[in-house]
Visitor: 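Below is a structure I'd like to ask you about.
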Amino acid sequence: MTEPETRSEDEGLNQPEPVEEQIQDDEIIGIVFRRSLIAIAVLVVIGLLIWLLTLTGGGRKEVIIQKEVVAPQVLVADLAVLPDVPFNDVTLDSGIEFIHESGAEGEKMLPETMGSGVAFLDYDNDGDQDLFMVNSTSWPNSENAGTASPSALYENDGSGIFRDVTKTVGLEDDFYGTGVAIGDVDGDGRRDIFIAAVGPNRLYLNREGGFVDVTASAGVAGGDRMWGSSPAFADYDQDGDLDLLVPNYVEWSREKDLALNFTLNGTDRAYGPPKQYAGSQPYLYRNNGDGTFEEVSEASGLHVVNSATGVPVGKSLAVVPVDVDRDGWIDFIVANDTTRNFLYRNLGDGTFEEVGSRFGVAYDDRGQATGAMGIDAAHYRNDELMGIGIGNFANEMTSFYVGDGKLFSDEAILEGIGSPTRPLLSFGLFFFDYDLDGRLDLFQTNGHLEEEISQIQSSQKYRQPGQLFWNAGPDQPSCFEIVPPESAGDLVTPIVGRGAAYADIDSDGDLDLVVTQAGDRPLLLRNEQKLGHHWIRIKLHDPGSANSNAIGAWIELKADGITQRRQVMPTRSYLSQVELPVTFGLGKIDAVDSITVIWPDGERQSVSVNGLGLDKAHTIVRTSS
């Protein structure tokens, strides 16, 4: 959102010329300009004739100029190069019977369109990845009000078969949930759950007998009329425990929504655009280390307002915590819907400065704000450059910012992502190595807001396929190549895609996917790759820190002269959380040269790779320096 300029001019100065005089002047200038062009053209033709005569005269040979015609680059996928890795829908076969309740009953309330998140977590510390599905609920005025639709926790038996344990662990509360964050906030070694909501948020501590709601005592409920989106745990102040960032979307209420009376066809009510609502400010909760949090967003410099109106600029839907400038401090990149994106640069003293415009991630390649949804960041080329992907609204290509940590540019078209993503409306987005070749690929899930959109725009569909982009390597003209439907399997099933996450659900080393839908079943997709590629999975443990899982740490793995960099960061995508263990694909490489861990406080630890087996999961424990 650009802020209006204010200009002042003295009375009587810089007055415009009369309209007729302007027209006459323009006509005179136009005549002179056209005559000049004709004269120049005549001179050019005469010069060319003289030059040709000199070439053909005097017995000289005729000179034939041959121009090489280069065919345009083929934009279709090369099936001979792309790895054959289908994804199969195993949702019901795996025991997942969850159905999202959006509350939609015809009134067209904006939150109904946004869906909800999903998280992979090992809640019971048995070594496999369990699954948590965030749910919403019916509106208070609905005939179905009072019908419970709690979120759901599914326990994994280690082979990818899940059992619903929601009632057993005490997570049956009913409220309008949106996004989720996973982290050990009290340092007891168990993963806790924070759920953002339309209305008060919730924090559940993971105890031996189940989950306990400590929202009130922890002080993290937020406002009754706020709309939380994608929360994130990170140790932004490096004091050893996890703090909590809760981005908020727009200033919404049922009364405002009904009063605006949106329509697409002039008759029927429709979901309204976020531009009609004021923005909001995030919450930043600093962990006090005693079970309580202090809200410090304004004092820390996270409040951004329009200088002319004083209205909050942010309409935040997703965030990725990442050390963008490699100074050792966690920064926050925030995807904002229809207004500029933020990059909160951590100054290392408990405060941030918003530098999105200066660093080049605020707007797309045309200098426009986009309908930004999901987000992720990674060293996708296995070099010092970082890529930041942001899924956008329909008819806006996915933004793909590439930079050195201080300056970024949107290179979506150059990297092969721009054109294929333009027609679709994207939500969840993340990097992951689906074929275990050592290069990070890109996935995004898609789906429109309006069920009737095809009646208004024939090119749009309500249910849309997901998109998988294979990383062909930095030596190719475009780094990414879209995987065609015949190779992707059920991943391209048209759905109303929203949240998305990945994890190895069946302990076979490759990464499986889950995608949520608005008002429908999720899609659990098993990765069926059989390429024979090697891999290694690494989990970190810091026994001396409350942040025992080392969220925010970096792992650098070097093999065959290539260094892969991965961050331990479950917060990415849209409203969702991926697994904590980090998977490195190695392709045909059969040995690791070195592994280095950069812990959240910046300390580096070299890990011995002697006897480190491939195609296995390992835990690296922090040792004192």
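Numbers here are sequence positions counted from 1. As the structure is a computational prediction, the values presented were derived from the model and not from experiment.
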Visitor: Using a distance-only test with no angle check, is there a side-chain donor-acceptor pair under 3.5 angstrom linking Q605 and T596?
Guide: no
Visitor: Hey, could you give me the OG1/CE distance between T398 and M373, rounded to the nearest 0.5 Å?
Guide: 11.0 Å
Visitor: Just so I know, are the side chains of H618 and L612 near enough to count as touching, which here means a heavy-atom distance under 4.5 Å?
Guide: yes
Visitor: Donor-acceptor pair, N125 side chain versus G189 backbone, under 3.5 Å?
Guide: yes
Visitor: Going through the distances and angles, do Y502 and F430 end up as a ring pair (Phe, Tyr, Trp, His ring centres under 6.0 Å)?
Guide: CA-CA 9 Å; Y502 63 79; F430 52 71; 5.1 Å; yes
Visitor: Do R572 and V578 pass the side-chain contact (heavy atoms from CB on, under 4.5 Å) test, and can you show the C-alpha distance, the side-chain angles, and the key distance before you say yes or no?
Guide: CA-CA 7 Å; R572 56 190 74 217; V578 303; 3.8 Å; yes
Visitor: Using the rule given for side chain to side chain donor-acceptor pair (under 3.5 Å), can you reason through Q577 versus T571, listing the C-alpha separation, both sets of side-chain angles and the distance that settles it, and then say yes or no?
Guide: CA-CA 5 Å; Q577 304 273 289; T571 301; 2.8 Å; yes
Visitor: Looking at R622 and D601, is any side-chain nitrogen of the basic one under 4.0 Å from a carboxylate oxygen of the acidic one?
Guide: yes
Visitor: Angle between ring planes, F293 versus Y285, binned at 30° and 60°: parallel, tilted or perpendicular?
Guide: perpendicular
Visitor: Between H534 and A591 (side chain of the first, backbone of the second, donor and acceptor by atom type, cut-off under 3.5 Å), is there such a pair?
Guide: no
Visitor: The test is salt bridge (Lys or Arg N to Asp or Glu O under 4.0 Å); show your working for E579 and K539 and say whether it passes.
Guide: CA-CA 10 Å; E579 64 175 358; K539 179 182 176 182; over 6 Å; no
Visitor: Side chains of R191 and N549 only: does a donor on one sit below 3.5 Å from an acceptor on the other?
Guide: yes
Visitor: Do F400 and Y380 make the cut of ring centroids closer than 6.0 angstrom?
Guide: yes
Visitor: Distance check, rounded to the nearest 0.5 Å: S297 atom OG versus Y344 atom OH?
Guide: 8.5 Å
Visitor: For a quick test of reading the model, state the closest non-hydrogen atom pair linking S576 to G117 and the distance between them.
Guide: OG-CA, 3.6 Å
Visitor: If you measure from OG1 on T91 to CZ on R526, what distance do you get to the nearest 0.5 Å?
Guide: 10.5 Å
Visitor: CD/Q567 to CD1/I598 distance, rounded to the nearest 0.5 angstrom?
Guide: 10.5 Å
Visitor: Any donor-acceptor pair under 3.5 Å linking the side chain of T178 with the backbone of G228?
Guide: yes
Visitor: Working note: F162 + L524, criterion side-chain contact (heavy atoms from CB on, under 4.5 Å); need CA distance, chi angles, decisive distance, verdict.
Guide: CA-CA 11 Å; F162 294 86; L524 183 64; 3.9 Å; yes
Visitor: In Å and rounded to the nearest 0.5 Å, what is the CD to CD1 distance from Q129 to I505?
Guide: 10.5 Å
Visitor: Among D615, V592, I562, D560, whose side-chain contact (heavy atoms from CB on, under 4.5 Å) with L586 holds?
Guide: V592
Visitor: For S229 and S316, indicate whether the former's side chain and the latter's backbone hold a donor-acceptor pair under 3.5 Å.
Guide: yes
Visitor: The test is side-chain contact (heavy atoms from CB on, under 4.5 Å); show your working for I182 and D192 and say whether it passes.
Guide: CA-CA 6 Å; I182 305 296; D192 308 305; over 6 Å; no
Visitor: Flag the pair E396 and R366 as a salt bridge only when some basic side-chain nitrogen lies within less than 4.0 angstrom of an acidic carboxylate oxygen.
Guide: no
Visitor: Please say which of D331, D323, D325 ends up in a salt bridge (charged side-chain N to carboxylate O under 4.0 Å, His left out) with R345.
Guide: D325
Visitor: When you measure from the side chain of N206 to the backbone of Y123, do you find a donor-acceptor pair of N or O atoms at a distance under 3.5 Å?
Guide: yes
Visitor: Could you tell me if the side chain of S478 sits less than 4.5 Å from the side chain of Q476, heavy atoms only?
Guide: no
Visitor: What pair of heavy atoms forms the shortest contact from D337 to G371, and how long is it?
Guide: OD1-CA, 3.1 Å
Visitor: Less than 3.5 Å apart, any donor N or O on the side chain of N446 or S426 sitting next to an acceptor on the other?
Guide: yes
Visitor: Look at the side chain of R566 and the backbone N and O of A378, then say whether any donor-acceptor pair between them is shorter than 3.5 Å.
Guide: no
Visitor: Do L343 and F332 have side-chain heavy atoms sitting under 4.5 Å apart?
Guide: no
Visitor: Taking the side chain from D364 and the backbone from S399, do they hold a donor-acceptor pair closer than 3.5 Å?
Guide: no
Visitor: Indicate yes or no: does D437 engage R439 in a salt bridge with an N to O separation below 4.0 Å.
Guide: yes
Visitor: In Å and rounded to the nearest 0.5 Å, what is the CZ to CG distance from F443 to L525?
Guide: 7.0 Å
Visitor: Indicate the atoms forming the closest heavy-atom contact of T445 with G497, along with that distance.
Guide: OG1-CA, 3.3 Å
Visitor: With a 4.5 Å heavy-atom cut-off, do P83 and Q529 have their side chains touching?
Guide: no
Visitor: Under the side-chain contact (heavy atoms from CB on, under 4.5 Å) criterion, do D124 and E155 qualify, and how do the steps go?
Guide: CA-CA 8 Å; D124 51 3; E155 183 179 285; 3.6 Å; yes
Visitor: Closest approach of G405 and F359, non-hydrogen atoms and distance?
Guide: O-CE2, 3.1 Å
Visitor: Between Y574 and F427, is the ring centre distance below 6.0 Å?
Guide: yes
Visitor: Would you indicate whether the side-chain heavy atoms of D510 and Y434 approach each other to under 4.5 Å?
Guide: no
Visitor: Tell me whether D490 contacts the main-chain N or O of D89 through its side chain, where contact means a donor paired with an acceptor under 3.5 Å.
Guide: yes
Visitor: Please report the C-alpha distance between D433 and T583 in whole Å, then the side-chain angles of each, then the deciding distance to 0.1 Å, and finally whether the side chain to side chain donor-acceptor pair (under 3.5 Å) criterion is met.
Guide: CA-CA 8 Å; D433 184 1; T583 297; over 6 Å; no
Visitor: For the residue pair F132 and L121, establish whether any side-chain heavy-atom pair is separated by less than 4.5 Å.
Guide: yes
Visitor: Given 3.5 Å as the limit, does a donor-acceptor pair link the side chain of H379 with the main chain of L385, or not?
Guide: yes
Visitor: Is the shortest side-chain heavy-atom distance between I536 and K616 below 4.5 Å?
Guide: no
Visitor: Looking at T516 and V118, what are the two nearest heavy atoms and their distance?
Guide: CG2-CB, 3.6 Å
Visitor: What are the two closest heavy atoms between S507 and G158, and how far apart are they?
Guide: OG-O, 3.3 Å
Visitor: Are I555 and L540 close enough that some pair of their side-chain heavy atoms sits under 4.5 Å apart?
Guide: yes
Visitor: Does R326 come within less than 4.0 Å of E384, counting only side-chain N to carboxylate O?
Guide: yes
Visitor: Is a side-chain donor or acceptor of S545 paired with a backbone partner of N547 at a separation under 3.5 angstrom?
Guide: yes
